Amino acid sequence: MYEIIKDSKGTLNHGISACAGCGMELLARCVFDVLGQDIIIVIPPGCAALLTGMGTESGIKAAGMMCNLENTASTCSGIRASLDAQGNDHTTVVGFAGDGGTLDIGLQSLSGMIERGDKVLYICYDNEAYMNTGIQSSSATPFLASTTTQPAGKPTVKKDLIGIAMAHEIPYAATASLHNIADLKKKIQKAKDTDGPSLLHVLIPCPTGWRSDPADTITLARAAVNTGVWVLYEYEDGEVTVNYKPKELKPIEEYISLQGRFKKVTDEEKKEMQKIVKKSYERKIAKLEK
Amino acid sequence: MFKMLDGNTSAVEAMKLARVKVIAAYPITPQSTISEKLSEIVANGEMDAKYIRVESEHTAMSACIGAALTGSRAGTATSSNGLALMNEMIVAASGIRAPIVMPVVNRAIATPWSLWCEHMDTMSQRDLGWMQFFTQNCQDVLDYTIAAYKIAENKDIMTPAMVCLDGFFLSHSMQKIDVPAQEKVDEFLPEYELTNSYLNPEDPMFVSNVVGMNDYTEVKYQQKYAMDNAFGVIENVFDEFEKQFGRKLNIIEEYKTEDADVVLVCMGSMTGTVKYVVDIMREQGKKVGMIKIVVFRPFPYKYIYEVLKDKKVIGVFDRNSCLGGQYPPVCTEVIAAMKGADADIRDYVGGLGGRDVNPANIEKIFNELLDIYNGSSDKHTNWIDLKENPMDSREVFKYV
Ligand SMILES: Cc1ncc(C[n+]2csc(CCOP(=O)(O)OP(=O)(O)O)c2C)c(N)n1
Ligand code: SF4
Ligand SMILES: [Mg+2]
């Protein structure tokens with residue numbers, strides 16, 4: 001049998017059962033690269049649970065546990081308090097949860113953790129739906145994307161996670177994208193070094209749920225930023241830095257045409273979508289740079 | 001040292017004496033003073049622990065699980081709707097073998113809203129892999145809580161435990177409590193230590209991932225095995241407790257059962273009232289007796305059978321309505337325990353939503369059981385304290 005334990009290079013083994021081109025797996029590898037092994041990682045049900053392996057075999061060479069869908073943040077708070085009670089101030093406690101586990105069912109628990117100021121690094125990998133249970137809509141699903149619970153397309157826009165965290169005056173929060181690994185890793189490091197709660201929100205192209213070509217994962221991540229669908233920024237000690245602003249927004253077509261989930265969008269709707277994306281981008285930049 | 005304490009403060013004293021290191025608690029009547037008092041004594045340095053001011057009971061239990069697996073004795077307490085909200089994490093805690101000890105102040109679960117005592121909250125959690133101890137008085141609360149840590153954390157058990165105390169009847173009634181010295185408790189209760197699953201970056205393992213059909217049954221069986229074998233450990237711990245603190249703890253307690261014609265089985269604070277009625281009726285020459293069940297999970301069926309095997313008529317009092325079931329839970333268990341014996345077992349329900357289980361009703365139960373024993377009647381009043389016209393209750397008046 002293939003000796004995965006010996007042959008894997010990093011904390012996360014090779015041969016993990018994520019789909020080809022999965023952005024979540026790439027993000028996880030970046031997270032482990034930066035954080036090292038002095039960590040306790042908490043992962044709820046969802047695609048990231050694939051990383052944890054099954055039964056007696058684990059894909060992760062670090063201390064961690066699978067929690068429940070809505071309590072990643074609460075479980076992290078308990079672990080942090082326990083380490084603090086033992087005088088351990090070096091271990092990083094990290095939550096790694098999907099958009100459903102974060103923005104929907106887990107929002108209360110995350111809000112509690114941030115408000116209390118618990119020193120936990122929370123990462124939301126956002127593939128914009130409940131992927132592991134079969135591509136159902138979440139509150140992070142974007143306008144007009146088709147899912148199995150909203151096949152005609154979601155009629156409302158995405159919930160603003162970092163906005164919610166900023167309303168808590170979180171010490172550090174940032175968005176990131178997989179097409180800029182250097183920026184992503186820098187942010188993971190900053191979040192780790194934050195003395196208090198920190199939050200990273202990473203857009204995760206998901207070939208299975210977005211019905212895109214596995215080879216397009218990075219292209220999509222880049223297109224999201226260049227079209228203004230995804231804005232890269234940081235919130236640090238109450239100050240916002242927008243990390244990147246495209247000189248000119250690319251047409252939304254460059255992003256949605258690569259994804260089957262927008263296949264049914266009509267030309268009329270595309271125009272509306274373009275308007276909404278542009279307006280929301282401009283409003284966001286104006287608000288952030290105020 | 002003797003102190004005047006109510007049930008909630010007795011629970012707090014026990015958690016303090018057990019040197020709980022991480023506390024995560026959310027207030028709910030009638031548990032609230034436990035969360036308040038714990039936060040107070042952590043803040044003033046009387047207790048060396050981290051207090052997480054959580055935003056829900058779901059989070060309280062989640063945080064306790066995380067803390068317990070990371071090597072700290074973790075504690076919370078709840079009641080009623082709080083326990084119901086925790087439900088998902090109750091199963092998580094027992095399955096992950098986090099030996100958390102939790103005082104639960106028994107209260108009805110809404111709706112209808114009621115702030116008062118009944119056992120529905122803990123009964124609804126009875127098969128989820130937690131041990132359950134039901135207490136009669138505030139001294140019980142302190143004693144069984146301290147003992148529960150030692151039982152729950154035993155290497156062969158590793159199973160969480162609820163110590164149940166009746167809302168208001170115990171939580172808010174002041175009694176004279178013998179509070180042991182810290183050194184005595186330290187001698188009795190070893191330091192918290194995890195040897196099987198834990199979260200430690202220096203010796204990493206991944207806990208609680210998906211278990212396939214190949215292993216799941218066996219993992220559950222391990223929990224059953226721990227429960228089934230808990231009585232040996234419980235007996236030993238209770239013996240040690242008596243040696244260390246001079247008070248006898250019981251799995252079940254018999255009260256004048258030996259020559260009794262009829263016996264009533266019950267739990268919780270009402271057992272004090274039942275003993276009182278037994279004494280009065282004995283003076284009248286009526287041979288009645290009582291069994292108080294302290295350990296409800298695991299269920300002490302062998303102990304019960306041993307005491308009741310020759311009894312012809314047995315009553316069982318449930319402080320829980322059990323809608324749609326043939327019998328309420330305590331009665332169901334007693335019937336199962338008495339399988340093969342020749343006993344007529346009668347189910348009584350009462351004391352719901354804080355209604356006082358008063359001596360008159362207990363006397364009525366005993367007289368009914370005696371009539372059945374004598375053959376002069378075959379009837380028993382199932383819902384013992386039901387008003388005469390229950391269907392008229394809660395008529396809704398509009399626009400008053
Ligand atoms: C309380 C509860 N409700 C529902 C589920 C079923 N469930 C498991 S994963 C999941 C969706 C998770 O979505 P997300 O967090 O976005 O992760 P993804 O699958 O997309 O990686 C759901 C609904 C559950 N595990 N627990
Ligand atoms: S469904 Fe999407 S997020 Fe889940 S493993 Fe597959 S590609 Fe990754
Ligand atoms: Mg998702």
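Letters A, B, ... are given to chains in the order of the sequence lines, protein chains preceding strands, and every chain is numbered from 1. Quick note: numbers below take in every heavy atom, side chains included, and nothing from hydrogens, waters or symmetry partners. Quick caveat: nothing in here was measured; it's all calculated off a predicted structure.
- Within residues 35-43 of chain A, the residues approaching chain B closer than 4.5 Å by heavy atoms are, in numerical order, A:Gln37, A:Asp38, A:Ile39, A:Ile40, A:Ile41, A:Ile43.
- Put simply, of B:Ser197, B:Gly71, B:Ala74, B:Cys64, the one with the most heavy-atom pairs under 4.5 Å next to chain A is B:Gly71.
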Step by step, work out the side chain to side chain donor-acceptor pair (under 3.5 Å) result for B:Ser72 and A:Ser82.
CA-CA 6 Å; B:Ser72 300; A:Ser82 184; 2.6 Å; yes
Please lay out, stage by stage, how B:Ser56 and B:Thr59 fare under the test side chain to side chain contact (heavy atoms under 4.5 Å, CB included).
CA-CA 5 Å; B:Ser56 76; B:Thr59 285; 3.6 Å; yes
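- Heavy atoms of B:Ile65 lying under 4.5 Å from chain A belong exclusively to its side chain.
- Contacts of A:Glu70 classified as side-chain hydrogen bond (donor to acceptor under 3.5 Å, both in side chains), with partners at least two apart in sequence or in another chain: none.
- Using non-hydrogen atoms only and a strict 4.5 Å limit, the part of residues 83-95 of chain A facing chain B consists of A:Leu83, A:Asp84, A:Ala85, A:Gln86, A:Thr91.
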Intermediate values then yes/no, side chain to side chain contact (heavy atoms under 4.5 Å, CB included), B:Gln223 and B:Ser94
CA-CA 8 Å; B:Gln223 281 181 262; B:Ser94 58; 3.7 Å; yes
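- Considering only heavy atoms from C-beta on, A:Leu199 comes within 4.5 Å of A:Ile162 through its side chain.
- In this structure, the portion of B:Ile96 lying under 4.5 Å from any heavy atom of chain A is its side chain and not its backbone.
- When the heavy atoms of residues 96-113 of chain A are compared with those of chain B, the residues falling under 4.5 Å are A:Gln108, A:Ser109, A:Gly112, listed by number.
- Judged by distance alone, the side chain of A:Asn13 and the main-chain N or O of A:Ser58 form a donor-acceptor pair under 3.5 Å.
- Ranked by heavy-atom pairs under 4.5 Å with chain B, the first of A:Ser74, A:Gly64, A:Pro45 is A:Gly64.
- Side-chain contact between B:Lys16 and B:Ile41: present, with at least one pair of heavy atoms (C-beta onward) separated by less than 4.5 Å.
- Salt bridge present: B:Arg73 and B:Glu153 bring a charged side-chain N and a carboxylate O closer than 4.0 Å.
- Remark: side-chain polar atoms of B:Thr111 are not paired, donor with acceptor, to backbone N or O of B:Trp113 under 3.5 angstrom.
- Cation-pi geometry between B:Lys21 and B:Tyr192 is not met: the NZ or CZ atom fails to fall both under 6.0 Å from the ring centre and inside 45° of the normal.
- Distance alone, capped at 3.5 Å, places no donor-acceptor pair between the A:Asp118 side chain and the A:Val120 backbone.
- Contact count versus chain A (heavy atoms, under 4.5 Å) is highest, among B:Ile52, B:Asn200, B:Asp203, B:Asp48, for B:Ile52.
- Taking the charged nitrogens against the carboxylate oxygens, B:Arg19 and B:Glu191 have no contact shorter than 4.0 Å, which rules out a salt bridge.
- Within the 3.5 Å criterion, the main-chain N or O of B:Thr29 finds a donor-acceptor partner in the side chain of B:Arg107.
- A salt bridge does not link A:Asp33 with A:Arg29: none of the charged nitrogens is closer than 4.0 Å to a carboxylate oxygen.
- In terms of heavy-atom pairs under 4.5 angstrom with chain A, the leader among B:Ile23, B:Val54, B:Asp215 is B:Val54.
- For chain A, the nearby part of B:Val22 is the side chain; its heavy atoms alone come within less than 4.5 Å.
- If you measure heavy-atom distances from B:Ala24 to chain A, you find no contacts under 4.5 Å at all.
- Proximity of a side-chain donor or acceptor of A:Arg80 to a complementary backbone N or O of A:Ser77 within less than 3.5 Å is not detected.
- Using a 3.5 Å distance cut-off with no hydrogens or angles, the side chains of B:Asp186 and B:Gln182 do pair a donor with an acceptor.
- At a threshold of 4.5 Å between non-hydrogen side-chain atoms, the residues A:Glu115 and B:Glu55 do not count as touching.
- B:Met61 does not touch chain A: none of its heavy atoms, backbone or side chain, sits under 4.5 Å away.
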